[in-house]
Amino acid sequence: MAGGRTINVLNVAEKPSVAKSVAGILSRNQGLRTRDGRSRYNRIFEFNYSINGRPCHMLFTSVTGHLMELEFEERYRKWHSCDPADLYQAPVRKFVPEDKLDIRRTLEEEARRCQWLVLWLDCDREGENIAFEVVEVCTAVNPHLTIRRAHFSALIDREIHEAVQHLVEPNKWFADAVDARQEIDLRIGASFTRFQTILLKDAFIIDSATDDRNLVLSYGPCQFPTLGFIVERYWENQAHEPEEFWTINCSHKSDEGIATFNWMRGHLFDYTCAVIIYEMCVQEPIATVTKVRQQEKLKYPPYPLNTIELEKRASRYFRMSSEHTMKVAEDLYQAGFISYPRTETDSFSQRTDLHAIVQEQQRHPIWGSYAQQLLDPGAGLWRNPGNGGHDDKAHPPIHPTKFFSGENGLSQDHHRLYELVVRHFLACVSQPAVGAETNVEIDISGELFSASGRVILSKNYLDVYRFESWGSSLIPTYVSGQQFTPTSLTLDSGVTRPPPLLSEADLLSCMDKEGIGTDATMHDHIKKLLDRFYATKDSNTRFSPTNLGEALVMGYDDMGYKLWKPYLRAVMERDMKAVSEGTKSKAEVLLTSLQQMKACFLDARLNKVKLFEAMGIFFERSNRSGGDEQHAHGEVVRQCGLCQESDMVLRRNRDGNFMVGCLAFPQCRNAIWLPGSVSEAVVTTDICNTCTPGPVHLIQFKFRQLEIPPNYNANHLGCIGGCDEILSQLIEICGTGSRVPARGRGSTASSSGVQQSNSRPGEARRSACIYCQQTVHSSSDCPSHVSGSRSAQYRGMNPQTGDSSIPCSTCGTPCTLRTANTVTNRGRKFYSCPSQNCNFFVWEDNLNNGTGGRSVRSAGMNISASNSRRSSSRGRGGRGGAHAASTTFVSATGDPISGRRCFVCGDPSHFANACPNRGS
DNA sequence: GCAAGGTC
């Protein structure tokens, strides 16, 4: 085998930089000649080498990624040339596009005079596919070529020399998997894009686009799930119903400073329960220190930097878009300042000379001294970097490759990104920060509170990684068993907040987690959503869907298709894996996958009215198209009391359930959900003579008899204005047809079963009372709507007792059974006195087990109150008047205050939580 | 005028 005639070997890498590196390594830069090819970027390197003892003249060149593209044959290229459904079987072909023709010419010219072709493409599926594209071009001009594949996992001498001595066959399965992916993406993308663009573009006045003639309503298996993440979070954000909660805070001031103790229960949603616990604490406000724990805490530096992490951090630290970040990183890479920026790898190979990279930075005026310290063994700052667990086997983590003093003409963003890469790298090879933490737990009347303080002992990596911080806080010294009187003990209220809109970093995380796009393309998908007017990004890098984006997702969602979810991509990814492992053939996957997608496409087209309806919610119809699809507007019931601009109309929601909603949706989200048992509803010309502001049209309802209690009539002429007891009861009994989670329509039913909601972005929302439209209370607490007759009508509804009301033990008014809707007690039944001046309150299950009005259960703990009236203190401070507990309150200073008063200032008109002097 | 994936 050794010796023999010298052969010419054509070597092809995926990109010019790899061709240069590998040629340099193999030639050891001895006798390496370089010349231009046909393409200005892809030079040709020449040197002599020997493979397995055989003398070779090596020609080393490159492509720039894929050499070929997949397209439909000419006659299917024009949008109106065929039915989009035909695109599932229209013939496709691979071809070398115009801008790659010069690369093809280089390959052809060099291949003609070679005997071997060695493929040095990246070792992943795409790389293998590109390898076959190169093979196709080269064997077309020289069918006698011997084809070989080099397998290498890093551009390191030993790897490369080993790879060339152990050449293998290229892997067709890998290439097939990519072929299948390309074909499926093309057919789905083109068919849905043409379909929805042609259907909707001219049918509506889509004002988001500057020039809607060029508007393309694209669909893609990556861009739509990315939009889906944004819309879904937006809906969660909009649907959030703020819920009030209660927490007890304690502080203690001593000569050494202040400690703030947090209630270890966190917070409770049940005011009654919180206030009882609070009162118990206030009764005996002596804190006993139960635990003092001191321990060393480490804060570790980040893992080595890969592409997604670079994008996320640049977004977080500099608010740079991922797309811009990659452009800047590419410039820095081209200029030789940083390593290859498209990498999944977040761990350094053991062979990387990390010290040499640090040495380069020693002369930097700002972080140079830190680099020097790192290299000083006496300083003990060095630590081998962590392993993030990802390795694409092609590139190292992003790191600085050359010292950049900053004086050349690059922009501020280039400087900032270079700084991030350098500081991140220096942080990675540094010791973690060390802190001493103290945790103190105290007990007040059986309730536990904790406080913590931290002292930073050594900042280590935080000295160079200025983007991260670790706060320190001092608290006084405590010893176990010590007792003290708190300086303040307050019952504070708060409200739950909606989940925030997705930031760019969040969005990248979602995509990464669900496998949408690759590290090199994620930023493209995000940018595409902005370019297509599907989403917008605010100054805080948070994404919201535009009306267009929301309407499209809503339309497909209404069809019941999860085309906007990541599942489709996940299924495709599984199929690709099966092809690359040889367990499924490319043909098999293409056949089944395209069959399913075509069926889905045809079905979506049958249901196009859903897309129309969704678009109709947000956009006006244009007269440019025939307008064959009717957009049902519904019949007017009354004027909207919330926006006071539009009418409330009777409609069916997409599940077929009836609702009365504001025509101004989505600007106004006011809605009244009707009982799920309504089978028919028609707005009549009859006007309600009690409800104001009028006119409120009565609705003729027909209920499904089996779904309502026997004593109710299936036919009912009802009013949604608030006067209709029967309707309210049926809503309470049967529930409504609202969907959970709803898209901004309120996600939980209130105890009356009637939901009202109205939200605009950035505006906090509170349910409005159905009866009087006020927002200060919910419908169940409406003062205009409690009457003695109400409880009478409930009689006979409870089969166990035969009576669902009990007399109030205080004032005798009948109390009706209601259902709680708090997080801690959702679904639990209770009685409460409807009288405005009375606060009697008791859980139904406590009545049944004989503890009526005596105990409140929450958070898995039973707390018995000594005074039965205490549990009646519902509502906020000041409402307790008639039933004030006769407990003795003790102020924080230990002075007794008799009667039910604010323990901060002693004023009987309010409680401490509402005290204007609190905190002073 | 359409996708997503390489890369310049």
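Values below: all heavy atoms of this structure, side chains included; hydrogens, waters and symmetry mates excluded. Every chain is numbered from 1, with letters handed out A, B, ... down the list of sequences.
The distance between atom CD of E73(A) and atom C1' of dC2(B), rounded to the nearest whole Å, is 17 Å. Rounding to whole angstrom units, CG of residue L199(A) and P of dC2(B) are separated by 18 Å.
A pairwise comparison of heavy atoms in H415(A) and L410(A) identifies CE1-O, 3.3 Å as the closest pair.
The E126(A) side chain lies nearest to dG5(B) when the options are dC2(B), dT7(B), dG5(B). Here the nucleotide nearest the side chain of K201(A), chosen from dG1(B), dA3(B), dC8(B), is dG1(B). The nucleotide whose nearest atom lies closest to any side-chain atom of A520(A) is, among dG5(B), dT7(B), dC8(B), dT7(B). Comparing dT7(B), dG1(B), dC2(B) by their nearest atom to the side chain of F72(A) picks out dC2(B). Closest to the R532(A) side chain, of the nucleotides dT7(B), dC2(B), dA4(B), is dC2(B). Comparing atom distances between the E330(A) side chain and each of dA3(B), dC8(B), dG6(B) picks out dC8(B) as nearest. For R342(A), the side-chain atoms get nearest to dT7(B) when compared with the rest of dG6(B), dT7(B), dG5(B).
Counting distance only, with no hydrogens placed and no angle test, the side-chain atoms of Q196(A) and the base atoms of dC2(B) include no donor-acceptor pair under 3.5 Å.
Using a 4.0 Å heavy-atom cutoff across all strands shown, K528(A) reaches sugar-phosphate atoms only and no base atom. Residue T518(A) is in sugar-phosphate contact alone, with no base atom involved, counting any heavy-atom pair closer than 4.0 Å across all strands shown. Using a 4.0 Å heavy-atom cutoff across all strands shown, R40(A) reaches no nucleic acid atom at all. The residue E128(A) sits apart from the nucleic acid: no heavy atom pair falls under 4.0 Å.
Relative to the ring axis of F204(A), R621(A) places its NZ or CZ within 45° and under 6.0 Å from the centre.
A close approach under 4.0 Å does not occur between any side-chain nitrogen or oxygen of S218(A) and OP1 or OP2 of dC2(B). Look at Y340(A) and you'll find a side-chain N or O under 4.0 angstrom from OP1 or OP2 of dT7(B).
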task = Run the numbers on Y561(A) and Y556(A) for ring pair (Phe, Tyr, Trp, His ring centres under 6.0 Å), then give the verdict.
result = CA-CA 6 Å; Y561(A) 280 128; Y556(A) 286 112; 7.8 Å; no

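Between Y219(A) and dA3(B), no base-stacking contact is recorded for ring centres under 5.5 Å apart and planes less than 30° from parallel.
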